[in-house]
Amino acid sequence: MFFSHLALALSLLLKVFALWLCLTALLFWKRPASYPRRAPRTRFACLIPARNEETVIAALVQSLKAQSYPRALYDIYVIPNNCLDATEDVARDAGAKIFRCFNPVRRKGDALHEAIGWLLPRGYDAFCLFDADNIVDPDFLARMNDALCAGARVAKARLRVKNPADAWVSGCYALYFALNDTFFSRSRANLGLSAKLVGTGMVVHREVLERMDGWNTETIAEDAEFSAMCAELGERVWWVPEAVTWDEAPLSFRVSLTQRRRWCSGIMSAAERMLPRLVRAPREASAARAADMCFFLCAPFAQALSVLPVVLFALGAALMGTFAQQLPSAAAALAVSAAAMMLFSFVLRGFSGQRTHPASVFLFPLFMASFVPLQVASLLRRTTEWKAIRHGERPELRAAQGESLRRSA
């Protein structure tokens, strides 16, 4: 009986996070107002940290050179670090400027710290951050200029997958990004809260970086950590859905687990560093945004602890001799949950606007459920090492997709 009561208490506590997610997602149906079109006036520095990305870096540089924005108002910088291939030469041949780090780079934030510190005095109004495997919509800079002219100081683009039909795993990433964009960023834009910041397709105004004394993240989840820093200052992350970046998703479930384990560990580390600062944030900062960020940073811990009620219920049932009787009802509940998640996957596929791999809709429940053991593993042992993920695995498709994505975005 004790285990059952303890499991019930934990379940009710964890329901707080589920309630928060549901309440903040209620306004997903409302389309956020578009930013008025403005004449180009923002001078951008486009930054691309890259490690062994010779197969994909040229496509990103070329998509940035093809922007509908005046070429005189932006520069493209590739930041090669720890490369064992021809990333630097390929990027230079494609037309990018090269920034070489002077100090050892252990994580992406180290590269950004050096590059932004060097570039801040050089007259740029805003800094765009991209991953090397991206392709950028031709109107990206124009739409970000509109948002900055409307008052944004930190902005996040819509993120799509450029290979959603290659494998069920990459299709699941497309659904996952649609979930974040629709029920997180879009809803929060309508509530005046911050969009979910990820480390690519984001723009930061120089004023924010000057207030922060440059880029100074210390974890492998530099995006979550920087987002928390923005909340500490009261800065809102604006969502700009008309600016689009296309990201290459892994094709292998094993590689996906490695990548998402890094996400989980990084956010937990960012939480440990930033939660005390958010609690002590000055009152002039937005209390609602600080509280929302606290919930976001605590969510991985809550997800990891969500296995405890299940274990306690099972232990209590075993001690009371009712485990066998309760097993069929538990299995039925699990089957209903999986079926509901599959139905939700069909809805997400519509929101994504992409033709995903057919199996992704049916295996999306597995993809999402796999976050739980990753959170548990990260809670028990944090990973702090960046492991390379090979990009451009099917270059014959990447070349064809690059042009078709630019036409259809």
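Salt bridge Asp146/Arg38: absent, no basic N to carboxylate O contact under 4.0 Å. A salt bridge is absent between Glu218 and Arg106: the closest approach of a Lys/Arg side-chain nitrogen to an acidic carboxylate oxygen does not fall below 4.0 angstrom. Using a 4.0 Å cut-off between charged nitrogen and carboxylate oxygen, Arg211 and Glu207 do not count as a salt-bridge pair.
Residues passing the side chain to side chain donor-acceptor pair (under 3.5 Å) test with Asp292 are Trp20, Arg188, sequence neighbours excluded. Under the rule for a side chain to side chain donor-acceptor pair (under 3.5 Å), Asp93 has no partner lying at least two apart in sequence or in another chain. Residues satisfying the side chain to side chain donor-acceptor pair (under 3.5 Å) criterion with Ser352, sequence neighbours excluded, are absent altogether. When the ring-ring contact (aromatic ring centres under 6.0 Å, His included) test is applied to Tyr74, no partner is found at least two apart in sequence or on another chain. Residues satisfying the side chain to side chain donor-acceptor pair (under 3.5 Å) criterion with Arg41, sequence neighbours excluded, are absent altogether. Considering only residues two or more places apart in sequence or on other chains, Asn190 meets the side-chain contact (heavy atoms from CB on, under 4.5 Å) condition with Leu27, Lys30, Pro32, Arg186. Residues satisfying the ring-ring contact (aromatic ring centres under 6.0 Å, His included) criterion with Trp168, sequence neighbours excluded, are Phe253. Judged as a side-chain contact (heavy atoms from CB on, under 4.5 Å), and not counting sequence neighbours, the contacts of Arg254 are Ser252.
Both tests do not hold together for Arg206 against Phe127: distance to the six-membered ring centre under 6.0 Å, angle to the ring axis within 45°.
For residues 351-368, no residue pair satisfies the salt bridge (charged side-chain N to carboxylate O under 4.0 Å, His left out) rule, not counting sequence neighbours. Evaluation of the salt bridge (charged side-chain N to carboxylate O under 4.0 Å, His left out) test over residues 124-133, restricted to residues two or more places apart or in two chains, returns Lys108-Asp131. Evaluation of the ring pair (Phe, Tyr, Trp, His ring centres under 6.0 Å) test over residues 210-229, restricted to residues two or more places apart or in two chains, returns Trp215-Phe226.
Within the 4.5 Å cutoff, side-chain heavy atoms of Leu112 are placed close to those of Leu129. When side chains are defined from C-beta on, Arg160 counts as touching Gln354, because their heavy atoms get closer than 4.5 Å. Taking the side chain as every heavy atom from C-beta outward, Cys294 and Leu275 approach each other to under 4.5 Å.
Looking at Tyr124, Tyr69, Phe130 one by one, the single match for ring pair (Phe, Tyr, Trp, His ring centres under 6.0 Å) with Phe44 turns out to be Tyr69.
Two rings, from Phe184 and Phe177, have their centers 6.0 Å or more apart. Aromatic ring centres of Tyr176 and Phe371 lie closer together than 6.0 Å.
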Residues 360-369, side-chain donor-acceptor partners within the protein, below 3.5 Å, at least two apart:
residue: Ser360; atom: OG; partner: Thr356; partner atom: OG1; Å: 3.0
residue: Ser360; atom: OG; partner: His357; partner atom: O; Å: 2.6

